[in-house]
Amino acid sequence: MPIDFNRSTPAKRSSWRWQASIVILHVVLPGALFLLDPQLIQETCLQPWYTALYLLILIMTISQYFYTARSSPGYVLDALEDMYRAQEAIMKNAKDVVVRILPMDEEHHARAQGKGIPYMPVATRSPGSSRSNSTCCQFHYWQPLRSKYCYDCGKCVLGFDHHCVWLGTCIGEGNHCRYWWYLFVETALGIWTAVMYIESFTKSGSGRFHGSIMLHNGLVTLVLIILLIGLIFLIILLCFHSYLVATNQTTYEIIRKRRIPYLRNIPARVHPFSKGLVRNIYSFCCSFNDYHVIHNLPPVEELEAKSRPYTLRDILTCRCC
């Protein structure tokens, strides 16, 4: 019986409902303002560039939302396939590498065979090394550092950050940059929409509205409160993920640091995967085609150097960057 890798799951069906709700919300909020403020249409005719720019940001936000939701976070199985194809010739002649094969889940084994890969390397280590790599808790193949199995997606994700319910997908090594840009444009749109509602509220006493001013003010206040709550959440989320980018961390690593084996003995203020502020940002923004990255912990000497406080000489020599 053939295996359907794109079969519908409750998580996928739920993501479609969330995505439809997000689109409706983006249409209702500005549309309600035009209904509550009829003269806004006249102002749009006088200053069309203002509304056109707002609609442009609205379209960009919705487009970035679906672009992020449809993007791949980077899966471990895809990385293993790339590694296998790239190192197949090398591994035939290498005598100092031991490859251990563990049983795979039926679906993943069938997928590997369908792509011409009869076996998948699960763990690689040099002889005499006491360090062993972890394996996936579900499918028992090699799990690189910073990866995690997602129970919602049913796959191991490289550079796992979190599973976003609003997007219906995981945020990982392959789409974290797109997710940050989505948060950025969403925050910009939310600020602009809030400013438009505040202007409508402050001008409600001018007598230009049809119907009851009290009803208008009540509806605008209700929508504005909901909008501001969501905007505060967006700003906090954008600042938090900006901090993650600057320090090369993930949400999962911060929340579960003491439960992640490779981070347990790392000092609290040391970010082992950080390359410096400038290189972290460059790697995050400019490495579009390099999301199948297998991370390694830096040597002990480098970790000790990172644990030392910065001095004036370090700042002048751009050690922090």
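Basis for what follows: all heavy atoms, side chains included, without hydrogens, waters or symmetry-related copies. From a predicted model like this one, the values you see are computed outputs, not experimental measurements.
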Check: Just wondering, do D161 and L244 contact through their side chains at under 4.5 Å, heavy atoms?
Finding: yes
inquiry  = Can you confirm whether R264 is buried at CZ, in the sense that more than 12 heavy atoms of other residues, nucleotides or ligands lie under 6.0 Å from that atom?
reply    = yes
When you group the ILVMFWY residues by side-chain heavy-atom contacts below 4.5 Å and let the links chain together, are V28 and I62 in the same group? no
**Asked** Is the distance between the ring centroids of Y252 and H162 under 6.0 Å?
**Response** no
| Do the non-hydrogen side-chain atoms of Q249 and E253 ever get within less than 4.5 Å of each other? | yes
Open item on the list: Is any side-chain heavy atom of E186 closer than 4.5 Å to one of L238?
Closed with: no
Here the pair of heavy atoms bringing I266 nearest to P272 is CG2-CD, 4.1 Å
Quick check: is I59 connected to Y67 through a chain of hydrophobic side chains (ILVMFWY, heavy atoms under 4.5 Å apart)? no
Of all heavy-atom pairs linking I171 and P73, the shortest is C-CB, 4.3 Å
Any donor-acceptor pair under 3.5 Å from N280 side chain to A246 backbone
yes
Here the pair of heavy atoms bringing Y197 nearest to L29 is OH-O, 2.6 Å
Does any non-hydrogen side-chain atom of Y179 lie less than 4.5 Å from one of L237? yes
*asked:* Do F233 and I229 have side chains that approach each other closer than 4.5 Å (heavy atoms only, starting at C-beta)?
replied: no
- Message: Taking the ring of Y149 and the ring of Y151, is the distance between their centroids below 6.0 Å?
- Response: yes
In terms of heavy-atom contacts, K257 and P267 come closest through NZ-O, 3.2 Å
Shortest non-hydrogen pair, G190 vs L227, comes out as O-CD2, 4.3 Å
Checklist entry - Think R146 forms a cation-pi with F160, using NZ or CZ under 6.0 Å from the six-ring centre and within 45 degrees of its axis? => result no
task = Answer yes if the ring centres of Y50 and W192 are under 6.0 angstrom apart, and no otherwise.
result = yes
Side chains of I281 and L277: does their closest heavy-atom pair fall under 4.5 Å? yes
Considering residues, nucleotides and ligands other than R256, do more than 12 of their heavy atoms fall under 6.0 Å from its CZ? no
**Prompt:** Linking I/L/V/M/F/W/Y whenever their side-chain heavy atoms sit closer than 4.5 Å, directly or via other members, would L56 and Y65 fall into one cluster?
**Reply:** yes
query = With a 4.5 Å limit on heavy-atom distance, are the side chains of I260 and K148 in contact?
reply = no
**Asked** Would you call F240 and I254 a side-chain contact if the rule is heavy atoms closer than 4.5 Å?
**Response** yes
